[in-house]
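A quick write-up on the structure given underneath.
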Amino acid sequence: MRITKLLAAAGLAATLAVLGGCAAPSGPVIAPVTREVGSLQGATVELVVGQALNIDTGDVAVDSYTGQVDDPAVAEFVPGREEDDAVYNPGVMARAAGTTTVVLSSSDAGIEDVTFTVEVSGAQQGGY
């Protein structure tokens, strides 16, 4: 009887350890940087690997924007979309340390391309 309880306790401990590992994040959560699209023209945005630039498009439809990233190894454009009742802004995800140029275009008439630089560092900077 004592061995059965010991085995049951060990099994429970192993199960909790596995479940606890699933619930824990694999690393620190990095807050996104949010900028209005109009403030990006000619700007330099500093990100760390794994961090996102969230682009506030104002009154322009989030899904009207496309993006061209010169070095996709450094950063990736993420298109905006509307899904059910949620609106997801377009953005740029930092992938690896380096510098790249991003050009945003909108299919809405009369909106000029927005060109800016993304500088990605490989390590988090203070405060995180």
Side-chain angles (χ1 to χ4, degrees):
M1 183 73 130
R2 188 174 194 160
I3 293 175
T4 303
K5 287 183 180 180
L6 183 60
L7 290 175
L12 178 60
T15 301
L16 290 175
V18 169
L19 291 176
C22 292
S26 61
V29 175
I30 305 170
V33 171
T34 299
R35 299 278 299 266
E36 293 181 9
V37 71
S39 73
L40 290 173
Q41 188 68 271
T44 298
V45 179
E46 296 178 359
L47 302 173
V48 295
V49 173
Q51 189 173 34
L53 168 62
N54 175 45
I55 302 172
D56 180 351
T57 64
D59 294 335
V60 180
V62 295
D63 58 357
S64 72
Y65 281 90
T66 57
Q68 180 64 42
V69 179
D70 281 352
D71 188 348
V74 172
E76 172 187 359
F77 175 75
V78 180
R81 69 185 191 285
E82 292 187 32
E83 188 175 295
D84 299 323
D85 291 335
V87 176
Y88 300 91
N89 289 335
V92 176
M93 178 59 73
R95 296 291 178 209
T99 301
T100 190
T101 300
V102 178
V103 179
L104 293 180
S105 302
S106 176
S107 59
D108 283 1
I111 297 178
E112 294 181 24
D113 288 354
V114 176
T115 302
F116 61 98
T117 301
V118 173
E119 289 182 357
V120 180
S121 64
Q124 292 183 11
Q125 298 171 353
Y128 290 102

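The minimum heavy-atom distance between A61 and D108, with the atom names listed, is N-OD2, 3.9 Å. Heavy atoms only, all atoms of each residue included: I30 and G50 are closest at CD1-C, 4.2 Å. The heavy-atom pair separating S64 from V60 by the smallest distance is OG-CG1, 3.3 Å. Shown here for V92 and L47, the closest heavy-atom pair between the two residues is O-CD1, 4.3 Å. Here the closest heavy-atom approach between residue Y65 and residue S106 is recorded as CE2-CB, 3.8 Å. Minimum interatomic distance between A43 and R35 (heavy atoms only, all atoms of both residues): CB-NH2, 3.7 Å.
The number of heavy atoms from other shown groups lying within 6.0 Å of CD (Q41) is above 12.
How far OG1 of T100 is from CZ of R95: 13.5 Å, rounded to the nearest 0.5 Å. With values rounded to the nearest 0.5 angstrom, Y88 atom OH is found 12.0 Å from N54 atom CG. One finds the CG atom of L53 at 12.5 Å from the CD atom of E46 (value rounded to the nearest 0.5 Å). Considering CD of E119 and OG1 of T99, their distance stands at 4.5 Å, rounded to 0.5 Å. Here the straight-line distance linking atom OG1 of T66 with atom CG of L104 works out to 8.0 Å at 0.5 Å rounding. Taking CZ of F116 as the reference point, atom CD1 of I55 lies at 4.5 Å (rounded to 0.5 Å).
There is no path of hydrophobic side-chain contacts, each under 4.5 Å, that joins V48 to V78. Under a hydrophobic clustering in which Ile, Leu, Val, Met, Phe, Trp and Tyr are joined whenever their side-chain heavy atoms come within less than 4.5 Å, directly or via other members, V62 and V37 fall into different clusters. Note on V49 and M93: separate hydrophobic clusters, where clusters join Ile, Leu, Val, Met, Phe, Trp and Tyr whose side-chain heavy atoms are under 4.5 Å apart, directly or indirectly.
No side-chain heavy atom of V69 sits less than 4.5 Å from a side-chain heavy atom of V74. Counting only heavy atoms from C-beta outward, the side chains of T115 and T101 approach each other to under 4.5 Å.
Without hydrogens or angle criteria, D84 side chain to A86 main chain gives no donor-acceptor distance under 3.5 Å.
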